[in-house]
Amino acid sequence: MVAPRLAGQRPAYLENQIRSFRDHSRDNPFSKQYMWGAVAALDPESVHDLAVYFASIPGKPANDGNPSLIAVGKTIYMDGIPEANIASCYACHGPNAEGTREIPRLGGLAYFYLKARLEQWGQGYHSGAGTPMPIVARALGPNEIEALASYLSFVR
Ligand code: HEC
């Protein structure tokens, strides 16, 4: 429930996140509780090898969001909501939410995880240095988060 699916995730993103756990910049409560200790002893070569390994496993979508919100979520994902200053996610995460380099795959992640991540930036928790996500996520209200997390959980 609380841990993200890592199969098929972008290797550069995975390496960045492990580094963010190690330097404690990814600082939400679950990261502190579970991940800071888990990665503390990894050397850079093992971090790289793990990232390559996770990325090589074919991903399976979680399919656990609310199916009646797929259409609304997809529209926000593709176009954003310009009048509410909500960015198009597609612009960075790609047409099929597949990500690229240090921008993560979102397609198929679990609803609960996506929702928590999008809420946490608004609550002031951080991730990798210089990421645009705190600004992007702060513009999202509860209804948009609900729709985006639902839609993305079904993307394969
Ligand atoms: C300007 C580029 C950009 C835009 C626009 C953008 N993102 Fe992101 N997103 C990123 C980057 C870069 C990261 C990686 C952050 C990090 O390294 O900590 C990220 C990370 C994420 C994550 C974390 C995934 C995980 O595995 O923990 C989620 C969820 C997310 N974005 C959702 C969205 C949604 C939803 C939108 C549209 C409302 C969006 N993003 C728009 C660049 C962007």
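Indexing begins at 1, ligand by ligand and atom by atom, following the structure's order. Values below: every heavy atom of this structure, side chains too, minus hydrogens, waters and symmetry copies.
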For [X], the ligand 1 atoms whose distance to one of its heavy atoms is below 4.0 Å:
X: Ser88; answer: 5 (C)
X: Leu106; answer: 22 (C), 24 (C), 28 (C), 29 (C), 30 (C), 32 (C), 33 (C)
X: Leu109; answer: 26 (O)
X: Pro104; answer: 13 (C), 14 (C), 19 (C), 20 (C), 21 (C), 24 (C)
X: Pro132; answer: 1 (C), 2 (C), 3 (C), 12 (C), 42 (C), 43 (C)

Under the ring pair (Phe, Tyr, Trp, His ring centres under 6.0 Å) definition, can you give me all pairs with a residue in residues 46-65, not counting sequence neighbours? none

Tell me, please: is [X] in heavy-atom contact with ligand 1, that is, under 4.0 Å?
X: Tyr13; value: yes
X: Asn16; value: no
X: Trp121; value: yes

Tell me the protein heavy atom at minimum distance from [atom], and give that distance in Å.
atom: atom 31 (N) of ligand 1; answer: His93 NE2, 2.9 Å
atom: atom 2 (C) of ligand 1; answer: Cys92 SG, 1.9 Å
atom: atom 27 (O) of ligand 1; answer: Tyr113 OH, 2.6 Å
atom: atom 16 (C) of ligand 1; answer: Gln17 NE2, 3.3 Å
atom: atom 37 (C) of ligand 1; answer: Cys89 SG, 1.9 Å

Minimum side-chain heavy-atom gap [X]-[Y] below 4.5 Å:
X: Ile70; Y: Ser150; result: no
X: Tyr77; Y: Leu152; result: yes
X: Leu6; Y: Pro4; result: yes

Looking only at non-hydrogen atoms, find the nearest pair between [X] and [Y] and report the distance.
X: Gln120; Y: Asn28; value: OE1-ND2, 3.3 Å
X: Cys92; Y: Thr100; value: O-CG2, 4.2 Å
X: Gly65; Y: Ser153; value: N-OG, 2.9 Å
X: Arg5; Y: Lys60; value: NH1-O, 2.6 Å

Answer yes or no: does an N/O atom from Arg117 fall short of 3.5 Å to an N/O atom of ligand 1? yes

Over 12 non-hydrogen atoms of neighbours within 6.0 angstrom of CD in Gln123: yes

For Ile135, does the CD1 atom have more than 12 heavy-atom neighbours from other residues, nucleotides or ligands under 6.0 Å away? no

Among Arg105, Met133, Lys115, which one has a heavy atom closest to atom 33 (C) of ligand 1? Met133

